[in-house]
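Read through the structure below, which is laid out as structure tokens, and then see the notes.
Basis for what follows: all heavy atoms, side chains included, without hydrogens, waters or symmetry-related copies. Note that this is a predicted model, so its numbers are computed, not measured.
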Amino acid sequence: MSDTVTGVDGGTGEDASAASGAALRVALVGPTHPFKGGVAAHTTTLAHELADAGHDVTLVSWSHLYPSFLYPGEQAVPGGAPDVDPFPRTLRVLSWARPDTWLRAGRRLRDVDVVVLVHVVPAVVPAHLALLRAAGAGGGGRGPRAVVVAHNVLPHETNPGDRQLVAALLRRADAVVVHSDEQARVAADLGARRVREVDLPPHLPGGDPEPRPDHDGPVRLLSLGIVRDYKGVDLLLEALREVEGPTLTVAGELWGDAGRRVRELAADPRLRDRVEVHGGYVPADRIAGLMARHDVVALPYRSATASQNVLLARRHGVPVLATAVGTFPVQVRDGVDGLLVPPSDRAALVEALRRLTDPATVRALATAVREPDLTGPWANYVGAIEALAAEPSAVLDDDPPVPVVPLNPVARVRTMAAVWRARRGPVLDLGPADLPEGVRATDLLTVDAEAVEATDVARALGLPRAKDPVAAWAALGAVAALVRVLDDRARAAVVVDESGSASPFSRWARALGFAPVELELTGPRAAIEVLDVDTASLDVVARLHPGGCTATDVDHVVGQASWALRSGGLLLLTVPIGDDDPEFAVRPADVRGILARADDLGLTLVGDVDGDVLGRMRDARIAFGGTDSPAYAVLRLTFRRR
């Protein structure tokens, strides 16, 4: 066995990277098909997304993963059909029972740039540590960087020694990715030196929604997934005994005492003919049908970190009844597209079920369910991993920066940023979880009320006041992209803002601890030309309303940013949309041309335009007087450099 990563095609990772011009050589270590479950689906989708972003990716996976005492259910997908498309360059070389495979696999990873390691349970930590040490990864050494993706920093049901094992892994890693603010605190408490909180992106099995057959009976609840104690399905059944009408389908594997308790409760005479229990794994091709035959997805968890089930329900237009734990309070708008109750509160759960007996309430919740953004969160996620995989800059060192003035403009900006942070003192502590989900990196403004709402959101977040609501709307989405994609709380990104003094973006970025370079430009020159920066040297270029792009200069701005941004860097811009001023506004039909031009130059859109924004533009035109009536809007576009 060689000491380089070898793909399924027999070529080395180094050769493949050189041939493709990939930015990073990535070894992703984690479960994939034929293993089932959300973690395997996430790992596989992450491999695809990293490869689509231009990186040379090898997925290093397991032939034998968990011991049976940790995973009493069936580990492989029944029938062999994958939940998500398998990643073609996959090596299934690891075995939990074979330590020699850990060392051999690690030695093969010595030449990659980064090892991204998927952590779920402490029992696998010894294998992960052996692999990282054999690869020379992490620990601040000269080998590959080590980034741990922690789905659960600690397990829901802890055992003696768990904290010590996980702490050893997190201290070895150069950076740790978590999916909630609470998990970030746990990781920091266990000694992780660099923690990055990023929303768990959608990796949804089941395909497209199916048509919903007519139903005029009682509300139909669905509990989907493995039945374990922390998921609280028993609490739901206990509450259901006190509410006449609603029915419940429990579809998933029944584990241990929790599974036995659910079967006992389902046999209660008060629930006769109202509860169906379908034990066993639910394959992907059954999910759409289940969603179409139910009215509400029930998630009565006692505790949670991050879950895909709210996004899965939204994908199929189904409202959610959930407890206010983990990421559910961020994903569910209580009383709008679902109901939230306190965890382990039977009285509150009973009251929520009584509300759901009203068909009008269920219809109103279902009408308000929003289609989840399936692309933007992945761009954020990949961008975060790219940032963590990069070598830390000098300004992240523990020693205070030396206030020299280098000749290189970008080095000067980095030094200025470090000095600013050293002198600034406390800044606004704003993380991804603080930003409402509705604030998108790519979005369309068509009505004044949305701009006014943006100023209210900014004020609630503690950002400085903005006078112009449209400028506030433009800047708020840009700040969301900055925080979600690039910010590791070190505030080290080099930000160049061409938006002008009337834009609040730079003021807000400074409030977060960044030190943006502001330029008030005249004429056609771009800031990156004025600064004479090197290729691939900037983290962020912003061109936002009221100093945003026009139809005549948007191509030039995109072209300049394409070579000035580093891999993973962001271009944040706004452009007016309309039909009767071709020198100023871009026609809706020409937006695709801008996206195609950006894609040719290596810039990937963060979010969705074709499926959502252009449709909203058509709706706005009709609202403004019909399809032949001119309508103006402001389009905010966020691109990530591949």
Side-chain angles (χ1 to χ4, degrees), residues 38 41-42 45 83-84 179-180 198-212 215 219-225 231 236 249 251-252 282 284-301 304-341 352 355-356 361-381 432-433 435-443 480 484 606-613 615-616:
H42 173 269
T45 307
D83 286 339
V84 297
H179 302 130
S180 72
V198 191
D199 289 342
L200 184 66
H203 43 283
L204 308 178
D208 295 331
E210 291 185 3
R212 301 182 64 81
H215 173 70
V219 64
R220 300 162 297 178
L221 303 170
L222 173 64
S223 171
L224 182 64
K231 292 190 176 183
L236 178 64
T249 300
V282 180
D285 58 7
R286 285 187 53 203
I287 291 176
L290 276 171
M291 290 290 183
R293 295 190 300 274
H294 290 84
D295 307 300
V296 176
V297 169
L299 304 170
Y301 285 41
T305 52
S307 172
Q308 288 287 286
N309 280 340
V310 172
L311 297 179
L312 184 62
R314 285 173 51 187
R315 177 78 176 90
H316 293 269
V318 180
V320 169
L321 166 61
T323 46
V325 296
T327 57
F328 295 156
V330 177
Q331 296 172 322
V332 179
R333 295 176 293 168
D334 186 29
V336 178
D337 57 9
L339 299 179
L340 288 172
V341 298
R355 290 180 63 184
L356 293 175
T361 297
V362 177
R363 285 195 299 270
L365 295 174
T367 301
V369 172
R370 301 169 298 181
E371 175 79 10
D373 182 359
L374 301 180
T375 57
W378 273 112
N380 297 343
Y381 205 82
L435 292 158
E437 185 182 2
V439 179
R440 299 182 179 183
T442 292
D443 206 351
R484 289 168 178 160
V606 179
D608 179 35
V609 167
D610 286 341
D612 178 40
V613 172
R616 289 172 57 194

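- In this structure, the separation between CD on Gln308 and CG on Leu204 is 5.0 Å, given to the nearest 0.5 Å.
- How far NZ of Lys231 is from CG of Leu224: 8.5 Å, rounded to the nearest 0.5 Å.
- Within the 4.5 Å cutoff, the side chain of Thr249 has no heavy atoms near those of the Arg220 side chain.
- Side-chain contact between Val606 and Arg440: absent, with no pair of heavy atoms (C-beta onward) separated by less than 4.5 Å.
- Side-chain contact between His316 and Leu290 is absent, with no heavy atoms from C-beta onward closer than 4.5 Å.
- Leu339 and Ala352 make their closest contact through CD1-O, 3.8 Å (heavy atoms, listed as atom of the first residue, atom of the second, distance).
- Few gaps surround CZ on Arg212; more than 12 heavy atoms of other groups in view lie less than 6.0 Å from it.
- Note: Asp295 CG to Leu321 CG = 12.5 Å, rounded to the nearest 0.5 Å.
- In terms of heavy atoms, Arg370 sits closest to Glu437 at NH2-OE1, 3.7 Å.
- Scored by the side-chain contact (heavy atoms from CB on, under 4.5 Å) test, Ala322 finds Leu299, Val320, Phe328, Leu340 as partners (sequence neighbours excluded).
- When all heavy atoms are compared, the tightest approach of Trp378 to Pro202 is NE1-O, 2.6 Å.
- Minimum heavy-atom separation, Thr327 to Ser180: CG2-CB, 4.2 Å.
- A search for salt bridge (charged side-chain N to carboxylate O under 4.0 Å, His left out) contacts involving Asp337 returns Arg333, not counting sequence neighbours.
- Of all non-hydrogen atoms in Val198 and Arg484, the two that sit nearest each other are CG1-O, 4.3 Å.
- Here the side chain of Thr361 pairs no donor or acceptor atom with the backbone of Leu356 at under 3.5 angstrom.
- Atom-to-atom distance recorded for Leu200:CG and Tyr381:OH is 6.5 Å, nearest 0.5 angstrom.
- In this structure, Arg314 and Glu371 approach most closely via the heavy-atom pair NH2-O, 3.9 Å.
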